[in-house]
Trainee: 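Take this structure, written in structure tokens, and hold onto it; I'll ask about it next.
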Amino acid sequence: MADDFEDDLLQERIKTNVFDKVLLGRMMRYAGPYKGRIVAGIALVLVSAGFAVMPPLFIGAMVDLVFGTGVSLPGEVVGKVLGLFWGGEAVVRALPDETKLAIFGSLFLVLRVGAFFVDWANAYLLTGLGQRVLYDIRTQLFAHIQNLSLSFYHRNPVGRLVNRVAYDVGAMERMFSVAVVMLTKDAMMLTTIVGVLFFIDARLAAIVMSVIPFMVIATVIFRKYSRGAYRRWYSAQSRLNAFMAETMSGVRVVQLFHKERRNDRAYEEIAGDFQRHFMSQRRAWAYFRPVATTLSAGGIAMVLWVCGDAVLRGAGLDPAQMAVIGAISVGVLVTYQHYAELFFTPIRDITEKFDIIVGAMTSAERIFTILDEKIEVQDLPGAKDFGRVTGDVRLQGVHFAYKPGEPVLQGLDLDIKPGSTVAIVGHTGAGKTTIINLVSRFYDVQQGKVLVDSRDVREYTLKALRSNIAVVHQDVFLFAGTVLDNLRLSEESVSRRRVEEACRAVGADKFIDKLPGGLDAKVEEGGKTFSAGERQLLSFARALVFDPAILILDEATSSIDTHTEELIQEALVKLTAGRTSIVIAHRLSTIQRADKIVVMHKGKLAEQGTHQELLTQRGIYWRLYQLQYSALADREKASVPTTVSAAALAPVPDPLREAAAVSVGVTGRMARETGSVTPQSPAPPQG
């Protein structure tokens, strides 16, 4: 599957050339609040590096001092240091060989024990630092994602975002808790070892250092290839997680339409991409590590060759003669051989940690790309909380498009009086839902104004504006927890009694009381154990709990049965009392009592008026009305067999007939109240 599955904005920005030092600098800024830990960690690293570089010096000194292989710089240095505690270097050299071995053995034990405690403290300290930094990044990322505008979520699958918060942040954690600790120690060790090597013999040090340019070349090549491989691997992993999340969310549809085999093939394709990119990255590492090991072995071999030759040339000579011909003692050879191995050990460690660093850098790119994502809708400077609004809503000359060049609303003017009920109808794509998105300020208009109580919605803080608005959608989402938590959304200031009253008002108490635990009954994620009608009643109760000044119903009764609709119609009378109500509906039977009905057509206000006024105009609304009830009548006729006994027909419940009867009954009552006549049977559309 092509990489263009990734969100265009995120992926294109990730593909840009970003310097590692820039990313590393941004990552390290998160460690700023923990400077004390960093200073303590650096001090411990210095001590640990000192413990690590001392053994080769002691080994070379031991060979010369105990076995008398000659006079060397390691022997002189160690002899002078020990002489401070035993009466001078001469006294140390005169000690019995058994005593010297005991002294060196004790020194090695002290070094190892000291290194153990220092390394333990260092790892604990810096690992704790890594976890604190990780916590800060993860909480900032989560908070930022929650506040991003809805347009961002339209472009990015949930599985991909979960991957950012979970896996990518985890990769950065390994950077701080593993790579940074070891890299700091390795850097200190390398610096110290290079200094000691040049101090002992600059010529031999140059031989050890001669392989470094080749190491650098190999690292640059690996870095270039591995960075791209990591990006492709992480991209494939995001697609895999997004597909998994989508499939599990829609598993009922998958099973209902027997799409398991199709999804298996799609998953195999995406998983194959993931495996291929992963193996590509591992293949790069499989080449790089042996190259680094071979180069380090070559350096050690040259040291043994050159030093061994120098030892042979100095056999039987005194120190002055050895210095003239460039010969060395066995102690120096042993010291250099150990230092060469010790020198290449941190280099190999760095190359191994480089794999972690590259992964962390790739993850950092993806994380910072999201953190850099601009929050399109946010509080403007000077925004205020004006308290509870009266519910006066006006749209003046509103132009809006989700995508440039594809207008959804074009010069819309709409006036909704406080306390009134306004219904918005129209064909799919006419702009109905966009209106409530603009009133709730999920999006900002490109032209015109959306006013609430004669103030532009951008003058309100988002919290203040949305606390005055409750939106009931067709698809109700319930969180995992209890019924009570879902109704008051964990707002402790909302009392249990207030929740119970709201449930009774909308009729939700009838099924809640039957649940084990009532309001304390457990709710699965998404409310899967509740019917569509029950979830809808719970959403009505939730809206009533927060007592909004503006109530918005977005197709809130389109997916419920006739009996539940009757309950909701009763609840709506209480729910809409004293507040502005905006109702978006396709079922015209639910909006005939609205104070005003607005008909949208191609992003413009085509008609407005009461139900009877719009029917009299015989325009778009009249045609929608005729089409809807003609369809009901046709279905009703189709459901009746041409030959059937009265006894067989009588007990058959027909939901469509009930819906038509309710709708016609409502229309009849309105006709009697207004003195007008509404057609009881639909007439063919005219015009």
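A quick note: this is a predicted structure, and the numbers were derived from the prediction, not measured.
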Trainee: Has K510 got a side-chain atom pairing as donor or acceptor with R504's backbone, closer than 3.5 angstrom?
Mentor: no

Trainee: Should L538 and V476 be marked as a side-chain contact (heavy atoms from CB on, under 4.5 Å) after you check the CA-CA gap, both sets of side-chain angles, and the distance that decides it?
Mentor: CA-CA 9 Å; L538 288 175; V476 180; 5.8 Å; no

Trainee: Can you confirm whether V450 sits close enough to V398 that some side-chain heavy atom of one is under 4.5 Å from a side-chain heavy atom of the other?
Mentor: yes

Trainee: Work out which heavy atom in R488 is nearest to a heavy atom in S495; give both atom names and the distance.
Mentor: NH1-C, 4.3 Å

Trainee: First locate atom OG of S440, then atom CG of N468, and finally report the distance between them rounded to the nearest 0.5 Å.
Mentor: 11.0 Å

Trainee: Side chains of K449 and L395, heavy atoms from C-beta outward: is any pair under 4.5 Å?
Mentor: no

Trainee: Strictly by modelled atom types, are S467 and R388 linked by a side-chain donor-acceptor pair under 3.5 Å?
Mentor: no

Trainee: Would you check if the side chain of H399 reaches a backbone N or O of Q446 as a donor-acceptor pair within less than 3.5 Å?
Mentor: no

Trainee: Does a salt bridge link D547 with R579, judged by any charged N lying under 4.0 Å from a carboxylate O?
Mentor: yes

Trainee: Regarding D444 and R441, does a basic nitrogen lie under 4.0 Å from an acidic carboxylate oxygen?
Mentor: yes

Trainee: Sub-3.5 Å donor-acceptor pair from the side chain of H427 to the main-chain atoms of M600, do we have one?
Mentor: no

Trainee: State, with a plain yes or no, whether a side-chain heavy atom of V452 is found less than 4.5 Å away from one of I550.
Mentor: yes

Trainee: Among L489, V545, L484, which residue satisfies the side-chain contact (heavy atoms from CB on, under 4.5 Å) criterion with V494?
Mentor: V545

Trainee: Quick check on Y135: does its OH atom have over 12 non-hydrogen neighbours (other residues, nucleotides or ligands) under 6.0 Å away?
Mentor: no

Trainee: Apply side-chain contact (heavy atoms from CB on, under 4.5 Å) to the pair D520 and V483, showing each step before the final yes or no.
Mentor: CA-CA 6 Å; D520 297 315; V483 175; over 6 Å; no

Trainee: With distance as the sole criterion, is a donor-acceptor pair present between the side chains of D372 and T369 under 3.5 Å?
Mentor: no

Trainee: Looking only at heavy atoms, which two atoms of K417 and D392 are closest? And how far apart?
Mentor: CA-OD1, 4.3 Å

Trainee: Does D379 reach the side chain of Y460, with side-chain heavy atoms less than 4.5 Å apart?
Mentor: no

Trainee: Contact between V393 and L451 at the side-chain level, heavy atoms closer than 4.5 Å - yes or no?
Mentor: no

Trainee: So, S420 side chain and D595 main chain: donor-acceptor pair closer than 3.5 Å or not?
Mentor: no

Trainee: Among V598, V599, V425, L624, exactly one meets side-chain contact (heavy atoms from CB on, under 4.5 Å) together with L614. Which residue is that?
Mentor: V599

Trainee: Surrounding CZ of F477 (heavy atoms of other residues, nucleotides or ligands, distance under 6.0 Å), is the total greater than 12?
Mentor: yes

Trainee: Measuring only between side-chain heavy atoms, which start at C-beta, is I469 closer than 4.5 Å to V471?
Mentor: yes

Trainee: What distance separates I137 CD1 from H144 NE2, expressed to the nearest 0.5 Å?
Mentor: 14.0 Å

Trainee: Ring-plane angle category for Y402 and F400, please: parallel below 30°, perpendicular beyond 60°, tilted otherwise.
Mentor: perpendicular

Trainee: Does either side chain, that of Y621 or that of H611, offer a donor lying less than 3.5 Å from an acceptor on the other one?
Mentor: yes

Trainee: Side chains of S363 and D168: is there a donor and an acceptor less than 3.5 Å apart?
Mentor: yes

Trainee: Give the minimum heavy-atom separation between E613 and G609, together with the two atoms involved.
Mentor: OE1-CA, 3.4 Å

Trainee: Salt bridge or not for D456 and R394, using N-O below 4.0 Å?
Mentor: no

Trainee: Is it the case that D453 and T390 place a side-chain donor and acceptor less than 3.5 Å from each other?
Mentor: yes

Trainee: Quick one about S539 and Q536 (side-chain donor to acceptor, distance below 3.5 Å, no hydrogens or angles considered), yes or no?
Mentor: yes

Trainee: For the residue pair R466 and F442, what are the closest heavy atoms and their distance?
Mentor: NH2-CD2, 3.7 Å

Trainee: Looking at CG of L487 and CG of L544, how far apart are the two atoms once the value is rounded to the nearest 0.5 Å?
Mentor: 10.5 Å

Trainee: Would a distance-only check, ignoring hydrogens and angles, find a side-chain to backbone donor-acceptor pair under 3.5 Å from E406 to K403?
Mentor: no

Trainee: Taking C-beta and beyond as the side chain, do L462 and V377 meet within less than 4.5 Å on heavy atoms?
Mentor: yes

Trainee: Atom CD1 of I591 and atom CD1 of I424: how far apart are they, to the nearest 0.5 Å?
Mentor: 10.0 Å

Trainee: Determine whether D136 and V133 satisfy the following criterion, side-chain contact (heavy atoms from CB on, under 4.5 Å), listing intermediate values before the conclusion.
Mentor: CA-CA 5 Å; D136 293 341; V133 171; 5.5 Å; no

Trainee: Under 3.5 Å, is there a donor on one side chain and an acceptor on the other for T610 and Q612?
Mentor: no

Trainee: List the atom of A143, the atom of N147, and the distance in Å for their closest heavy-atom pair.
Mentor: O-ND2, 2.7 Å

Trainee: Using every non-hydrogen atom in the two residues, find where V445 and G448 come nearest and quote the distance to one decimal.
Mentor: CG2-O, 3.4 Å

Trainee: Strictly distance-based, threshold 3.5 Å: is any side-chain N or O of K432 a donor or acceptor partner for the main-chain N or O of G426?
Mentor: yes

Trainee: Sub-3.5 Å donor-acceptor pair from the side chain of S531 to the main-chain atoms of E534, do we have one?
Mentor: yes

Trainee: Does any N or O in the side chain of T580 come within less than 3.5 Å of the main-chain N or O of G419, such that one atom is a donor and the other an acceptor?
Mentor: yes

Trainee: Distance-only, no hydrogens or angles: does the D413 side chain make a donor-acceptor pair with backbone N or O of G397 under 3.5 Å?
Mentor: yes

Trainee: Do T434 and Y443 have side-chain N/O donor and acceptor atoms under 3.5 Å apart?
Mentor: no

Trainee: Quick one: do T421 and R593 satisfy side-chain contact (heavy atoms from CB on, under 4.5 Å)? Show the steps, please.
Mentor: CA-CA 8 Å; T421 298; R593 291 182 178 272; over 6 Å; no

Trainee: Can you tell me how far CD1 of I552 sits from NE2 of H473, rounded to the nearest 0.5 angstrom?
Mentor: 8.5 Å

Trainee: To the nearest 0.5 Å, tell me how far E501 CD sits from D509 CG.
Mentor: 11.5 Å

Trainee: Within a strict 4.5 Å, meaning less than it, do heavy atoms of the F479 and E524 side chains meet?
Mentor: no

